[in-house]
Protein chains: 2
Amino acid sequence: MLKLSKLTDYATVILSYMVKDQTDLHAAQEISKVTGIAQPTVSKILKLLVKARVLTSIRGAKGGYLLARAPERITVASVINAMEGPIALTECSASHKDCGHTSGCEIQGRWELVNQKILNTLESVTLADMVLPVKQPEEVLIPISRLYK
Amino acid sequence: MLKLSKLTDYATVILSYMVKDQTDLHAAQEISKVTGIAQPTVSKILKLLVKARVLTSIRGAKGGYLLARAPERITVASVINAMEGPIALTECSASHKDCGHTSGCEIQGRWELVNQKILNTLESVTLADMVLPVKQPEEVLIPISRLYK
DNA sequence: TTAAATAGGACTAAAATAGTACTCATTGAA
DNA sequence: TTCAATGAGTACTATTTTAGTCCTATTTAA
């Protein structure tokens, strides 16, 4: 199904909430209450996002989390990367170590092509795009020729 | 990691072999020998591909499998779809039933946008592209601006 | 010093995936 | 007409991945 993990989905929910008041510091507990995601899970996600420098954290009492930069500069790719590791469709794309497909691996280079295209797509969409309230019509148009493929 | 399942990867290995002699009928056992993938697994994959009309099967002695159409007309999207079901990044994209993110679901519509873009990408690449022996240089170029995002 | 936070890691449970096995249906050829 | 080769369909088991929780340490404001 080529799907994102639940945690990545949660991450966007959390981030979109944080976009709304970017200047405020948000504690994990507060975010948990607002989003309805269990607090330990929220913490786990926030920690991963800090590690990937999508968020900045402030420790100690009255501490919390902040966006590390403007929403326009946080790509969907970086969020997915933070939660799930490198974006790679196949094992071979991620690393060539212990690649056992002796006879099949000729084709593997080709996944790189698809992988790169998807990566470009994910890097072209930012958090700011994700929270826009209205869809831009042109974005969802599909070339009619696709329907006959 | 946004990855494809192993079976999908195997499927492309199998299909790329079949592209090489498209007119020949290939038995599951033969394919297993050539690719090194265990025979029951090969059968499982072939059955799924037939069900999705990517392959055509001929039953009985001297039976086997054939590509259902020219490699140019078999998209990567259709292969992924055959192996993993509908391409949808989030549960919500796949179906809106039992969507529990009451407060978070405003953002969910936005995944549709990303999802559609990825779908377009996967539909623009065919099996024929996957087996091309040489990389087209322009395909792997990245706009330099990406590096500073 | 204490309370409220984050950091980091370990652990458990649940879900998805991979892989196997078994039985039935079809077909070509002896 | 029977047998052997082959695909169809389904159910099951094992493995791996993911989700979710918990515990302990560290930091900092009051």
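Every chain is numbered from 1 and lettered A, B, ... according to where its sequence line falls, protein lines coming before strand lines. Atom set for the values below is all heavy atoms of this structure, side chains included, hydrogens, waters and symmetry mates excluded. Because the structure is predicted, anything quoted here is derived from the model rather than measured.
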Specify the separation, in whole Å, of atom CG of A:Leu4 and atom P of C:dA16.
15 Å

What integer distance in Å separates B:Ile58:CD1 from D:dA5:P?
19 Å

Please tell me which of the listed nucleotides, D:dT21, C:dA7, D:dT10, lies nearest to the side chain of A:Val50?
C:dA7

Can you check whether A:Lys6 has a side-chain N or O nearer than 4.0 Å to OP1 or OP2 of D:dG20?
yes

Which nucleotide in C:dT6, D:dA8, D:dG20 has an atom nearest any side-chain atom of A:Lys44
D:dG20

Rounded off to whole Å, could you give me the NZ-to-C1' distance for the B:Lys47 and D:dT10 pair?
8 Å

Of the listed nucleotides (C:dT20, D:dT27, D:dG7), which one gets closest to any side-chain atom of B:Ala27?
D:dG7

Atom pair distance, as rounded to whole Å: CG in A:Leu46 and P in D:dT21:
15 Å

Is there side-chain contact between A:Thr41 and A:Leu7, with at least one heavy-atom pair below 4.5 Å?
yes

Heavy atoms only: give me the nearest A:Ile87-A:Ala77 pair and the separation to one decimal.
CD1-O, 3.7 Å

Side chain of A:Tyr65 (C-beta onward), nearest among D:dT18, D:dT21, C:dT6
C:dT6

Name the one of A:Asp24, A:Leu46, A:Val54 that satisfies side-chain contact (heavy atoms from CB on, under 4.5 Å) with A:Tyr65?
A:Leu46

Would you say D:dT18 has OP1 or OP2 under 4.0 Å from some side-chain N or O of A:Tyr10?
no

Out of C:dA18, C:dA4, D:dT6, which nucleotide sits closest to the side chain of B:Gln29?
D:dT6

Using whole Å, what does the distance between atom P of nucleotide C:dA7 and atom CZ of A:Arg53 come to?
13 Å

Connected via hydrophobic side-chain network under 4.5 Å: A:Ile118 and A:Leu113:
yes

Phosphate contact (C:dT20 OP1 or OP2) by B:Thr41 side-chain N/O below 4.0 Å
yes

Would you tell me if any nitrogen or oxygen in the side chain of A:Ser43 comes within less than 4.0 Å of OP1 or OP2 on C:dT6?
no

Which nucleotide in the set D:dA19, C:dA3, C:dA18 lies at the smallest distance from any side-chain heavy atom of A:Ala61?
C:dA3

Name the closest nucleotide to the A:Arg59 side chain, picking from D:dG7, C:dT6, C:dA18.
C:dT6

Between C:dG28, D:dG7, D:dT28, spot the one nearest the side chain of B:Lys62, thanks.
C:dG28

For A:Leu25 and C:dA4, give me the distance from atom CG to atom C1', rounded to whole Å.
12 Å

Quick check: is B:Val42 connected to B:Ile58 through a chain of hydrophobic side chains (ILVMFWY, heavy atoms under 4.5 Å apart)?
no

Between C1' of D:dG7 and CG of B:Leu48, the distance in whole Å:
13 Å

Could you tell me whether the side chain of B:Thr35 and the main chain of B:Ile31 form a donor-acceptor pair under 3.5 Å?
yes

Rounded to whole angstrom units, what separation is found between the NZ atom of A:Lys33 and the P atom of C:dA4?
12 Å

For D:dA8 and B:Ser57 - does any side-chain N or O of the residue sit under 4.0 Å from the phosphate oxygens OP1/OP2?
yes

